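All remarks here apply to the structure that follows.
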Amino acid sequence: MQVLADLLRKNEAALADRWLELILASYNPDTAGFFKQQKNRFANPVGQTFAEQTRVVTERLLAGEGIEAFQDPLHEIVRIRAIQEFTAAEAVGFVFLLKDAVRETLADSLRDEQAARELQAGLHELERRIDRIALLTFDIFVSCRERVYSLRLREIRAGYVQPG
Amino acid sequence: MAEHKPDQMEFYKQEELQQIDLNPPKEGWQDQPADFRPGSWIYPTKPKHLESLGMPNPREWSPADEDWQLPENWQEIIHKKFKELLGKYRSFRIFMDTCVRCGACADKCHFFIGGGDPKNMPVLRAELVRSIYRNDFTTVGKILGRACGGRKLTMDVIKEWFYYFYQCTECRRCSVFCPYGIDTAEITMMAREMLHELGLGVNWIMEPVANCHRTGNHLGIQPHGLKDTLEFFCEDIEDVTGIHIDPPINKKGAEVLFVTPSGDFLADPGTFTCMGYMMLFEEIGLDYTWSTYASEGGNFGLFTSADVMKKLNAKIYAEAKRLGVKYIIGGECGHMWRVLNQYMDTMNGPADFLDVPKSPITGTVFENSRSTKMIHITEFTADLIKHGKLKLDPKMNDHVRVTFHDSCNPARAMGLLEEPRYIINSVCNNFHEMPENTIREQTFCCGGGAGLGTDENMEMRLRGGMPRGTAVRHVQEKYDVNQLACVCAIDRATLVTVCDYWAPGVQVTGVHELVANAMVMKGQKERTMNLRLEPLPGAEEKEANDGES
Ligand code: SF4
Ligand code: SF4
């Protein structure tokens, strides 16, 4: 476990970057380019939120923090994806990409059989944690959707919307 | 793609990610039909409204249907209208001809920024129409077709127009960045006008238009209803200030006709702004009148067609003439001012039968409205404050930490940037600006303008409202801002929702609500409540203490 943690922490920035890149690939390539390259957070709130919050999630994951620590950063990301043109699976599926990013980051080490065996248990544990984070993400997604519906309802009740 | 799921890397288009460039896409978009997703389109116009307006092809239909029930010769109809518009507006032809695809506008639209659909890049939005122009109206396009960016006018193109031109709030942010001044909002207006020829419009625009024709305002409030509403406001004002107001309605020979968007009559927080106007006019003793005929400052005709816009605008001037007023003051509305500043004079002006607006209190002559004879209430109020004509106690707003949202139209279509800020700074002690690239000429739209402010497209609105919401959240976190002021009725409705999603805890207010809460009126009782009938901080304790002593 310790070996794995050390290894990943050494590559924390690369891991977060890779995860972000994988998430951005869920958008049209031109859009992904914009989300990635424009660094002003007011000109590009989606891209910058993703960049900031994926770093926070990665850091907390590697620091072994409890599940509550992931609520806020994931909410920032999911709140956006919940109102973009995604299905539910597409909106939350980005969490699983973290597993791929981890395995890619470890690719060199995993090629060595001896090292791979040493890392295996830790890796399994880490992936289970990512699964839990995915479940949390799904809860957050549902709460965002509920929010959208309650906002709709409130507008209808307030009379902004006129029935025909 | 289909065999992969979102939890698999193969699902994501990584190969494409390697070849990013920031130029607008050149290929591939032409043949992708619009995917009509719930939350991204608005319900179509009910046939009765089109019938009452005498507009073409009234019928029950839905954008989700395969068959949109268009007349058989729909292509011919579009071509005819396209040609007519190109002949009528030189600007339209220039906008069609001059774009060099530099991409400066591409990432400036709030819908693209928040949602990421490339067809919401202004350059591509315009290209949806431009490709047809090239193909059918230019010699080179007729010969080269696709090779020079042309495209055939198919049913998919019409569907795409409906989908994307009702995802443009005509806010004109993109035009600020275009080196050629190409105004995509005007292209949207042209596209909508063409779509109307086939009976393709949205109910949230056309019902207000039909209402306005019939009763004088978008909401269909009838004269007695308006009178009741204003009197009801006066009761609340009396509760707060102890001052009784009799609202003047349809008063012939009044000096000023006051016109505000009907949203201010209907729903909070616009209603509080409306009370603010009434208190201001009472305090300075302005000789003014409301009208039950010109009871709408907004003009959803702007989102429909030039003819409809002209008709609705003309009602205000017809009423000014009938009542014999000297000039017109308009309330806190957004698009009213675009109509007024950019189109009124050519459509219905000059309004020679009126006087150039002159404040009866300060003597200031508003030369800027020499032709339209109509001024914005913040111009009027800022002038009053500048001349020290109002007794103001900004401490009354000390529990408010406010920021200001420049509404697209007053900011970009009339340059109304300083007056609201001057007023807010005079009536509040805590004013904080949002980041520079989100205010003034570069302001971000609320996401619900140009007739998109309904509820069935909520996801679209929240995507479009995201850049604004992010900036609000920033000042909320940095300065503890708790109110967002604006001078537009659509904003006062839509930004409530935008804030609740992106910056929960921030309320929306009109500028004149802030004015009225800080204004010390002659003969008023001590204020313990604001216009929302909420106790002022300290008032409850004070009352309790007074009770004891
Ligand atoms: S006018 Fe506004 S909504 Fe329309 S394309 Fe330009 S920036 Fe987008
Ligand atoms: S900024 Fe102007 S010229 Fe450049 S792509 Fe946009 S519309 Fe065309």
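Worth saying up front: this structure is predicted, and the values here are computed from it rather than measured. Note on naming: letters A, B, ... go to the chains in the order of the sequence lines (proteins, then strands), and numbering restarts at 1 for each one.
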Review point. Taking only heavy atoms into account, what residues of residues 461-474 of chain B are found under 4.5 Å from chain A?
Key: B:Arg461, B:Leu462, B:Arg463, B:Met466, B:Pro467, B:Thr470, B:Ala471, B:Arg473, B:His474
Review point. Pick from B:Ile113, B:Thr438, B:Asp117: which one has the most heavy-atom pairs with chain A under 4.5 Å?
Key: B:Ile113
Which portion of [X] sits near chain B, non-hydrogen atoms under 4.5 angstrom:
{"X": "A:Glu76", "result": "side chain"}
{"X": "A:Leu153", "result": "neither"}
{"X": "A:Phe35", "result": "side chain"}

Please check this pair: side chain of [X] against backbone of [Y], looking for a donor-acceptor N/O pair closer than 3.5 Å.
{"X": "A:Asp112", "Y": "A:Asp108", "value": "no"}
{"X": "B:Tyr163", "Y": "B:Asp35", "value": "yes"}
{"X": "A:Arg129", "Y": "A:Leu61", "value": "yes"}
{"X": "B:Asn457", "Y": "B:Leu452", "value": "yes"}
{"X": "A:Gln48", "Y": "A:Gln38", "value": "yes"}
{"X": "A:Thr137", "Y": "A:Val92", "value": "no"}
{"X": "B:Asp455", "Y": "A:Arg152", "value": "no"}

Review point. Does any heavy atom of chain A fall under 4.5 Å from the side chain of B:Asp500, the backbone, both, or neither of them?
Key: both
Practice item. For B:Glu296 and B:Ser262, test the side chains for any donor-to-acceptor distance below 3.5 angstrom and give the result as yes or no. Key: yes
How close do [X] and [Y] get, heavy atom to heavy atom, and via which atoms?
{"X": "B:Asn437", "Y": "B:Phe444", "result": "O-CE1, 3.9 Å"}
{"X": "B:Thr494", "Y": "B:Gly453", "result": "CG2-CA, 4.1 Å"}
{"X": "A:Phe34", "Y": "B:Asp107", "result": "CE1-CB, 3.4 Å"}

Review point. Of all the residues in residues 139-147 of chain A, which have a heavy atom that comes within less than 4.5 Å of a heavy atom in chain B?
Key: A:Cys144, A:Arg145, A:Arg147
Check your understanding: Looking at A:Phe86, does the NZ or CZ of A:Arg81 lie under 6.0 angstrom from its six-membered ring centre and within 45 degrees of the ring axis?
Key -> yes
